[in-house]
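Read the structure below first, then the notes.
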Amino acid sequence: MKPNIGIIGFMGTGKTSVGKALARQIGMHFEDSDDMVEQMAGKQVSRIFAENGEEYFRHLESLAVRDLCQRKHHVLSFGGGVLFSQENIEHIRRVSKVILLKASPLTIHERLLRDNSRPLLETENERLRAIIDLMRLRENLYARACDIEIDTDGKDINCIVTEICRRLHL
Ligand code: S3P
């Protein structure tokens, strides 16, 4: 039995909200890689990108993944770009049953409409286009890294948590 549940997926698929609700429901602890990176750097993700660049963010993110993967009995939520490192994937899969949360580009666009905390979506081009392009680049990586895929379009948090519990036989 893997000791943790890992949640992965694109920005705006609800990883943090679902992860917290799932952890509450099944009596596990919750941790989030972006929170840990922010604690390490002492500033928000958007400021890390702006002041130190994406490469530095990815370095901190990999350190956070290693640290989080030493936990037991945790629901772990990982930032959407964590799978660009094969080493991160291996750490996560070694200790977690991995759930991929999915949503359509339009849903993500709507969910993040008034959100400016995602530097990779602060592009000069149209935002929906940026979401579609980035998702296309990543979808195979996500699909290959997960044990279970859950579509979140049109579903609320409770409904998603119930589906995860059913699929994991919890
Ligand atoms: C990123 C996703 C973000 C955050 C950073 C980069 C990505 O986390 O780690 O902005 O590359 O997809 P969420 O997936 O929690 O939004």
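Indexing begins at 1, ligand by ligand and atom by atom, following the structure's order.
Aromatic ring pairs are classed by plane angle as parallel below 30°, tilted from 30° to 60° and perpendicular above 60°; the pair Y142 and F10 is perpendicular.
Each of M11, K15, D34, V45, F57, R58, E61, G79, G80, G81, R118, P119, L120, R138 has a non-hydrogen atom positioned under 4.0 Å from some atom of ligand 1.
Other residues, nucleotides and ligands place more than 12 heavy atoms under 6.0 Å from the CD atom of E51. More than 12 non-hydrogen atoms from other residues, nucleotides or ligands lie less than 6.0 angstrom from NZ of K155.
The NE2 atom of H59 sits 8.5 Å away from atom CE of M40, with the distance rounded to the nearest 0.5 Å.
In this structure, a donor-acceptor pair under 3.5 Å is absent between the side chains of R71 and S96.
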task: List the steps, then state whether salt bridge (Lys or Arg N to Asp or Glu O under 4.0 Å) holds for K43 with E38.
output: CA-CA 5 Å; K43 53 188 164 187; E38 290 185 343; over 6 Å; no
